[in-house]
Amino acid sequence: MQYDSQKIEQKWQARWAREGVYRTDGDAGKEKYYVLVEFPYPSGNGLHVGHARPYTAMDVVARRRRMQGFDVLFPMGWDAFGLPTENYAIANKIHPAEVTRRNIAFFKSQINMMGYSFDWGREVNTTDPGYYRWTQWIFLKLLEHGLAYKARMPVNWCTSCKCVLANEEVVDGVCERCGSEVVRREKSQWMLKITAYAQRLLDDLDLVEYPERVKAQQRNWIGRSEGADVDFATTTGETLRVYTTRPDTLFGATYMVISPEHPYVEAWRDKLENGDEVAAYRGAAARKSDFERTELQKEKTGVRLAGVEAINPATGGRIPIFVSDYVLMSYGTGAIMAVPGHDERDWAFARVFGLPIVEVVAGGDVQTAAFTDVETGTLINSGFLNGLEVRQAKARMIEWLVEKGLGRAVTNFKLRDWVFSRQRYWGEPIPVRHCPACGAVPAPESELPLLLPEVASYEPTDTGESPLSKMRDWVETVCPRCGGPAERETDTMPQWAGSSWYFLRYIDPANGAAAVDKALARRYMPVDWYNGGMEHTTLHLLYSRFWHKFLYDIGVVETPEPYARRTSHGMILGEGGEKMSKSRGNVISPNEIVDRYGADTMRLYILFIGDFEKAASWSPQAVKGCRRFLERVWGLLTRAAPSGEISPAHEAEIHRAIRKVGEDIEHLKFNTAIAALMALVNRFYEAGVTKGDLRALLTLLSPFAPHICEEMWERLGYRGFVVREPWPAYDRAKTVEDTAEIAVQVGGKLRATVVIPTGAADEEALAAALAEPRIQKALDGRRVARHIYVKDKLINLIAEKDRQGG
RNA sequence: GCGGUCGUGGCGGAAUGGCAUACGCGCUAGCUUGAGGUGCUAGUACUCGACAAGGGUGUGCGGGUUCAAGUCCCGCCGACCGCACCA
């Protein structure tokens with residue numbers, strides 16, 4: 001009797017589908033549990049083993065929750081707008097919607113091949129008008145609440161995608177997706193005011209259970225800092241405002257720096273003695289790509305603004321002003337007071353330009369290096385601040401600035417508003433009309449969904465206009481406000497739009513009257529457990545938290561946070577620990593593995609491969625171990641004694657396995673859960689097995705390898721589906737054996753083990769230990785001064801001489 | 001530089017402060033097989049010792065706490081991930 005995985009897997013996948021065993025039942029008598037995996041982008045490459053890891057892990061969780069009696073929501077869908085599809089469509093002259101349809105069909109067949117327990121009755125697709133209608137609706141609501149606005153500003157422009165990128169999509173100065181150079185372009189863009197939520201996005205991290213690294217990364221990205229705005233008078237009459245986190249060092253500000261993009265550079269042009277030189281510097285900075293501007297930790301450059309000076313409000317002294325690209329226009333006020341004694345960048349700049357370095361916080365040697373410690377220093381050379389600690393001096397200086405009307409305490413964030421426009425075809429049209437008289441006017445809600453028009457060409461344009469702009473009969477419309485002629489917005493939304501709320505649509509996927517029914521949202525939100533990739537920490541995860549908070553504010557949902565628990569899986573690497581990629585030719589397709597070994601083997605291996613949270617290298621050898629294990633499980637069919645009871649010989653270890661497998665699943669320790677099941681099977685081979693033992697094994701193994709378990713369940717004559725069995729309970733009292741082998745140490749060193757009854761009393765353990773000849777030998781005649789006994793674990797004997805430190 | 005994670009056999013990796021290396025891969029030997037890219041059994045950290053009995057040493061390095069440290073504390077070294085001229 002062979003283990004024919006192919007036949008078994010097809011058989012049970014068909015039966016599960018027929019019986020609808022994975023449907024979310026909505027039974028109000030049950031507690032709900034919402035398990036979520038990140039929905040895939042259906043690329044033409046198909047499912048990757050990298051998808052299989054999180055999907056399998058969460059499938060195990062969902063399956064266990066069903067067995068535990070929860071009403072489980074475990075849905076799947078498609079994040080289908082996006083550039084690769086559009087580019088493929090352009091190259092092959094197929095409509096992107098058709099490409100998407102084909103890719104989804106392929107992906108879906110692969111997902112089903114793995115035996116995942118998704119409820120397909122709730123499938124969502126971000127490119128479906130019935131879905132993006134509500135994405136557009138949320139945009140209109142954001143607009144209504146002043147959280148969407150159009151602004152002309154320098155944006156990140158990918159030279160290859162011919163499209164604007166969000167800050168989060170620019171990695172090391174190049175496009176996150178295609179790796180091409182990103183340059184700055186001045187463009188009018190739709191922006192979402194995520195900065196309005198910066199503080200809440202930061203604070204509410206305390207409400208959720210995320211891995212520390214995820215929270216840290218988000219905090220870092222939000223980048224809150226506390227300081228002060230300070231106004232400096234200048235010799236031209238203008239006031240130059242700076243932001244500083246070190247107002248305590250104001251007396252040490254010996255010069256100022258403004259960003260090349262600072263408006264004063266332009267405004268002062270005619271007043272400067274070296275206007276041309278400054279303009280040239282500014283021009284050079286503008287031409288540099290982000291990559292050039294940030295990549296090199298180069299020497300500081302800059303130009304002094306000759307003819308203008310500022311007055312340090314604390315000292316009253318005149319100080320020079322420079323323009324330099326180490327000051328960013330996008331943070332603070334785009335201008336800084338430079339304190340070379342206590343800031344490394346200012347110190348480096350001062351060295352290049354021979355500027356004075358004044359020590360105002362004692363504790364270091366400012367001629368050698370900037371002294372930046374804020375914990376130990378004491379203020380000097382600082383008038384009324386002298387003698388104060390840094391912390392006190394900050395507060396005192398802010399009081400003084402407020403008194404004099406020169407400044408105030410300010411909190412700043414690194415987080416920038418979200419650039420929300422894309423100049424591409426395959427995205428949600430932004431439902432806005434531009435009227436020469438009324439400006440940007442929201443499209444009426446009744447118009448939604450505002451459908452993507454059929455266009456002849458999806459080619460991006462070099463001018464930076466969306467391909468939609470060429471569709472004149474679509475573009476030309478009327479203003480909803482004044483009725484005059486108007487044009488439609490031709491930019492589309494970024495791919496992150498549809499994925500910012502998809503978890504809500506799963507709850508109520510067919511609702512034509514609302515994005516999600518309130519009562520249903522109340523039942524299923526928040527997502528109880530959301531697993532996804534680390535690469536989305538500052539993109540999707542942050543964006544969707546923002547949207548969800550907004551939907552909370554307007555009463556659509558009732559939980560402040562969308563995800564109660566977030567976990568992250570490590571990457572699956574190729575054999576040598578290298579990233580899997582087509583160019584390296586080391587990509588493993590799940591199909592290869594399923595064809596050769598079966599889905600159950602694939603599922604086991606992808607979880608057994610290593611620590612779920614860490615990167616792991618694929619090993620073709622090790623896959624076989626998992627197949628071998630299933631063969632051994634299968635082999636138990638012919639060995640099982642007819643008794644339906646758990647055999648006394650295995651009772652304790654089965655109860656321990658129930659506990660361990662359950663706990664391990666909760667803690668993402670899928671590898672050790674499987675190891676425990678392997679150990680159990682090994683014991684069954686050593687000491688015999690009954691039908692009852694096997695029954696227990698199958699219920700525990702079924703979340704991991706559901707097909708083989710279902711088949712064996714049937715062959716053993718059990719009724720129904722094993723995947724619908726209740727998760728077994730363990731009895732703590734039954735997890736212990738009658739006897740325990742305890743370690744016997746002498747002076748902390750292991751000398752022997754003895755077998756004594758479980759829970760034996762101290763004296764009994766001591767007697768057993770002393771009766772051991774090897775212990776007597778180790779004691780070598782010395783008296784036992786004292787001993788430490790840990791029940792069922794060990795006994796440590798301290799001999800008299802040991803205590804003297806010998 | 002800042003933030004985070006982490007250093008354990010030949011390899012992937014296990015260990016609520018309590019017998020380090022579970023489980024799997026690989027390897028070695030024996031059996032099985034017509035054959036094996038099959039299956040089974042046994043072995044597999046290093047070292048002294050006779051490949052025995054029996055010792056000793058071992059979780060990146062150096063200290064410390066403790067009856068007991070891979071685990072806790074301090075200081076180094078190294079790796080990986082994220083951010084990075086954010087004032």
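Comparing the P positions of B:C61 and B:U66 gives a spacing of 23 Å, expressed to the nearest Å.
The base of B:C85 lies close enough to the side chain of A:Lys300 for a donor and an acceptor atom to sit less than 3.5 Å apart. Interface remark: the A:Asn796 side chain does form a donor-acceptor pair with the B:C67 base, using a distance-only criterion of under 3.5 Å.
Aromatic rings of A:Tyr255 and A:Phe349 (six-membered ring for Trp) have centroids within the 6.0 Å cut-off, being under it.
Counting only distance, with no hydrogens or angles, the side chain of A:Trp634 and the backbone of A:Gln2 share a donor-acceptor pair below 3.5 Å.
Within the nucleic acid shown, A:Ala615 comes within 4.0 Å of sugar-phosphate atoms alone, with no base atom in reach, counting heavy atoms only. Backbone-only contact: A:Thr244 has heavy atoms under 4.0 Å from sugar-phosphate atoms and none from a base. Nucleic acid contact for A:Arg627: none, since no nucleic acid atom lies under 4.0 Å from a heavy atom of the residue. At a threshold of 4.0 angstrom between heavy atoms, the contacts of A:Asn671 are confined to the sugar-phosphate backbone, with no base atom among them. The residue A:Arg224 sits apart from the nucleic acid: no heavy atom pair falls under 4.0 Å. Note on A:Glu344: nothing from the nucleic acid sits closer than 4.0 angstrom, heavy atoms only. Within the nucleic acid shown, A:Gln745 comes within 4.0 Å of at least one base atom, counting heavy atoms only. Nucleic acid contact class of A:Asn412 (heavy atoms, under 4.0 Å, all strands): none. In this structure, A:Ile788 reaches the bases: a heavy-atom distance under 4.0 Å links it to at least one base atom across the strands shown.
Residue A:Arg246 has no polar side-chain atom (N or O) positioned under 4.0 Å from OP1 or OP2 of B:A87. A:Arg219 has no side-chain polar atom (N or O) that falls below the 4.0 Å cut-off from OP1 or OP2 of B:G82. Checking the phosphate oxygens (OP1, OP2) of B:A22, no side-chain nitrogen or oxygen of A:Asn682 falls inside 4.0 Å. One finds no side-chain N or O of A:Arg656 lying less than 4.0 angstrom from the OP1 or OP2 phosphate oxygen of B:A22. Taking only side-chain nitrogens and oxygens, A:Ser225 comes nearer than 4.0 Å to OP1 or OP2 of B:A87.
The side chain of A:Arg628 sits closest to B:G39 out of B:G39, B:C23, B:A20.
Classification of B:G9 as syn follows from a glycosidic angle within 90° of 0.
Between A:Asp346 and A:Tyr685, the residue anchored closer to the 5' end of RNA chain B is A:Tyr685, taking for each the nucleotide with the nearest heavy atom.
Of the N and O atoms on the side chains of A:Tyr264 and A:Thr234, not one donor lies less than 3.5 Å from an acceptor on the other residue.
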